[in-house]
Amino acid sequence: MKQYFAFQWHITEDCDQRCKHCYIFAENTKKNIISMEWKDMKKTIVNIEDFCKTYGRLPYLYITGGDPILHPDFWKLMDLVKEKQIPFTILGNPFHLTEAVCQRLHDCGCEKYQLSIDGMRETHDWFRKPGSFDETLNKISVIKNAGIKAVIMTTVSDKNMKEVPEIIDTVVKYKADVFAFARYVPTCDEKSTGIAPFEYRNLLDACYKKFKSYEHDPACVTWFNRKDHLWTLYEYEEGIWEIPEHATQGMIYGGCNCGNCHLTILPDGEVYACRRVSESKVGNIFDDRLADLWIGKVEDYRQYQKFTKCTECELLAWCRGCPAVAKGTFGSFYAEDPQCWKSHIESKEM
């Protein structure tokens with residue numbers, strides 16, 4: 001059991017961008033903007049503290065939106081988490097970051113600030129907003145100079161997959177502290193990321209080789225977070241990682257954090273097992289005690305024997321791919337990961 005329990009807290013939907021792969025605006029680009037009221041933000045902190053006390057965990061907040069800085073009570077929240085000594089990361093945009101803002105964030109205890117790069121300049125600005133690519137890269141040094149780690153995250157689909165290796169070179173050049181990527185989760189009527197299983201394996205292979213090429217480069221300060229759980233399958237096949245000899249049957253050691261050490265809270269108080277699974281609502285933080293939800297409705301996302309393909313795989317306890325991508329593609333949280341090449345091979349052989 002991990003020491004920290006992660007709460008991805010969306011305090012507002014207000015944002016300067018309307019990204020083409022945004023979950024907030026995927027189905028309704030003209031929706032009314034929701035922001036959590038200050039009195040409810042204080043209640044949320046109390047509920048989170050109660051949860052962690054109940055289960056012997058420590059809270060870790062991923063404060064996001066929209067762009068959380070646009071919330072009218074953002075700095076009041078920063079003062080509160082500082083008072084509570086709760087560590088946190090901000091997931092936001094680059095547009096309102098200045099040296100003074102970043103220094104203030106650092107003084108409030110912000111450990112990391114995550115920005116997105118979803119392609120090289122033309123592709124990224126098509127996804128997000130003209131000028132966003134250069135603005136994002138330029139703010140890496142501003143974040144770092146304040147003593148905060150700069151994280152770059154890429155959402156991968158068929159629209160930008162071929163650009164990922166060049167993105168890696170770019171974030172290394174700009175000295176980002178962390179780089180990671182995850183796959184786009186299909187929404188609305190979209191039923192695929194547009195990536196074939198072996199195309200994705202080839203991408204992981206290319207990225208792994210690029211990561212290794214930077215390992216002995218003294219100028220490289222970037223840590224490459226292999227976030228996607230299919231990295232486990234890749235490393236297992238390549239002999240980079242082995243199943244621990246003394247692993248206990250029935251234990252879950254890794255893979256998706258949904259139902260394990262993560263919950264999402266939206267501005268209207270709705271609590272989700274996973275933000276990327278649109279139908280994973282388990283309650284509302286204004287009406288429900290998080291500690292009760294955890295042993296109630298969240299249990300639906302810990303039924304590991306229900307995975308249709310992963311239960312047949314020796315990596316069940318460490319991988320399971322991405323259930324959110326499976327849900328977006330096939331309609332079931334427990335369906336096979338559409339980019340899992342091992343599952344694809346076994347399906348063809350049957």
Side-chain angles (χ1 to χ4, degrees), residues 1-6 52 55-58 60 151 156 168 177-183 197-217 220 222-263 273-274 276 294-295 298-327 332-350:
M1 189 169 65
K2 294 183 178 180
Q3 180 184 24
Y4 283 96
F5 192 97
C52 291
Y55 294 113
R57 311 290 279 273
L58 295 175
Y60 195 99
V151 180
V156 177
I168 294 170
D177 294 292
V178 182
F179 171 76
F181 61 81
R183 284 167 287 156
F198 280 96
E199 280 186 309
Y200 194 61
R201 192 192 192 284
N202 290 339
L203 173 64
L204 297 187
D205 186 58
C207 290
Y208 180 78
K209 290 173 180 175
K210 189 164 282 290
F211 296 162
K212 295 298 288 185
S213 73
Y214 280 115
E215 267 190 9
H216 304 293
D217 182 353
C220 178
T222 307
W223 177 62
F224 303 107
N225 179 6
R226 298 198 268 278
K227 182 181 178 70
D228 193 313
H229 306 303
L230 286 180
W231 274 111
T232 302
L233 173 58
Y234 170 82
E235 293 178 354
Y236 178 64
E237 290 182 340
E238 294 292 318
I240 302 164
W241 175 85
E242 296 180 352
I243 295 175
E245 184 179 348
H246 300 293
T248 303
Q249 184 72 23
M251 288 288 289
I252 296 298
Y253 292 95
C256 177
N257 286 332
C258 185
N260 183 352
C261 56
H262 170 89
L263 284 172
C274 174
R276 305 205 302 165
W294 188 245
I295 56 173
V298 180
E299 184 65 30
D300 292 341
Y301 300 90
R302 293 193 285 265
Q303 306 298 317
Y304 301 109
Q305 74 279 4
K306 290 185 178 180
F307 282 99
T308 56
K309 287 291 184 180
C310 298
T311 51
E312 304 168 8
C313 179
E314 65 271 31
L315 299 179
L316 171 67
W318 294 273
C319 178
R320 302 183 301 287
C322 180
V325 177
K327 176 67 171 67
S332 171
F333 182 85
Y334 292 107
E336 64 184 274
D337 186 311
Q339 275 74 54
C340 177
W341 56 90
K342 186 173 187 286
S343 175
H344 182 72
I345 292 173
E346 292 172 350
S347 296
K348 289 179 69 176
E349 290 175 347
M350 291 179 65

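Residues take their numbers from the sequence shown, with the count starting at 1. Values below: all heavy atoms of this structure, side chains included; hydrogens, waters and symmetry mates excluded.
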| message | Quick check: Tyr208 with Tyr234 (ring centres under 6.0 Å apart)? | response | yes
| With sequence neighbours left out, what residues match Asp300 under salt bridge (Lys or Arg N to Asp or Glu O under 4.0 Å)? | none
| query | How many angstroms lie between atom CZ of Arg57 and atom SG of Cys261, to the nearest 0.5 angstrom? | reply | 6.0 Å
| said: Can you give me the closest heavy-atom contact between Pro338 and Val325, atom names plus distance? | reply: CG-CG1, 3.5 Å
| request: Decide yes or no on side chain to side chain contact (heavy atoms under 4.5 Å, CB included) for Gln339 and Val156, but give the supporting numbers first. | output: CA-CA 12 Å; Gln339 275 74 54; Val156 177; over 6 Å; no
| What is the distance from atom CG of Leu230 to atom CG of Leu203, rounded to the nearest 0.5 Å? | 11.0 Å
| Separation of Phe5 CZ from Leu58 CG (nearest 0.5 Å) | 12.5 Å
| message | Using every non-hydrogen atom in the two residues, find where Leu263 and Val298 come nearest and quote the distance to one decimal. | response | CD2-CG2, 4.1 Å
| task | Determine the minimum heavy-atom distance between Cys256 and Pro323, stating which atoms define it. | result | CB-CD, 3.8 Å
| said: I'd like to know whether Arg226 forms a side chain to side chain contact (heavy atoms under 4.5 Å, CB included) with Cys207, so could you lay out the CA-CA distance, the side-chain angles of the two residues, the decisive distance to 0.1 Å, and finally the verdict. | reply: CA-CA 10 Å; Arg226 298 198 268 278; Cys207 290; over 6 Å; no
| request: Would you name the heavy atoms of Arg276 and Ala324 that are closest together and state the gap between them? | output: CB-CB, 3.8 Å
| remark: Residues at least two apart in sequence or cross-chain that pass salt bridge (Lys or Arg N to Asp or Glu O under 4.0 Å) with Glu215, listed by chain then number, are Lys212
| query | Between the side chain of Asn202 and the main-chain N/O of Phe198, is any donor-acceptor distance below 3.5 Å? | reply | yes
| field | For Tyr253, ring pair (Phe, Tyr, Trp, His ring centres under 6.0 Å) partners two or more places apart | value | Trp318
| message | Quick test of your reading of the model: are Glu237 and Lys342 salt-bridged, counting only N-O distances below 4.0 Å? | response | no
| query | Can you tell me how far the CD atom of Glu238 sits from the CH2 atom of Trp231, to the nearest 0.5 Å? | reply | 10.0 Å
| query | To the nearest 0.5 Å, what is the distance between SG (Cys313) and CZ (Phe307)? | reply | 12.0 Å
| query | Does atom NZ of Lys227 have more than 12 heavy-atom neighbours, drawn from other residues, nucleotides or ligands, at distances under 6.0 Å? | reply | no
| Which pair of non-hydrogen atoms, one from Leu316 and one from Ile252, has the smallest distance, and what is that distance? | O-CD1, 4.4 Å
| Which heavy atom of Val178 sits nearest a heavy atom of Asn225, and at what distance? | CG1-CB, 4.1 Å
| query | Is there a side chain to side chain contact (heavy atoms under 4.5 Å, CB included) between Lys327 and Cys274 once you walk through the steps? | reply | CA-CA 11 Å; Lys327 176 67 171 67; Cys274 174; over 6 Å; no
| task | Find the distance between SG (Cys340) and OH (Tyr200) and round it off to the nearest 0.5 Å. | result | 11.5 Å
| task | Answer yes or no: is there a donor N or O on one side and an acceptor on the other, between the side chain of Tyr214 and the main chain of Ile168, under 3.5 Å? | result | no
| field | Verdict with reasoning, Arg302 to Tyr304, per side chain to side chain contact (heavy atoms under 4.5 Å, CB included) | value | CA-CA 6 Å; Arg302 293 193 285 265; Tyr304 301 109; 4.0 Å; yes
| Do the non-hydrogen side-chain atoms of Ile295 and Tyr55 ever get within less than 4.5 Å of each other? | yes
| What orientation do Tyr301 and Phe333 show, parallel under 30°, tilted 30 to 60°, or perpendicular over 60°? | perpendicular
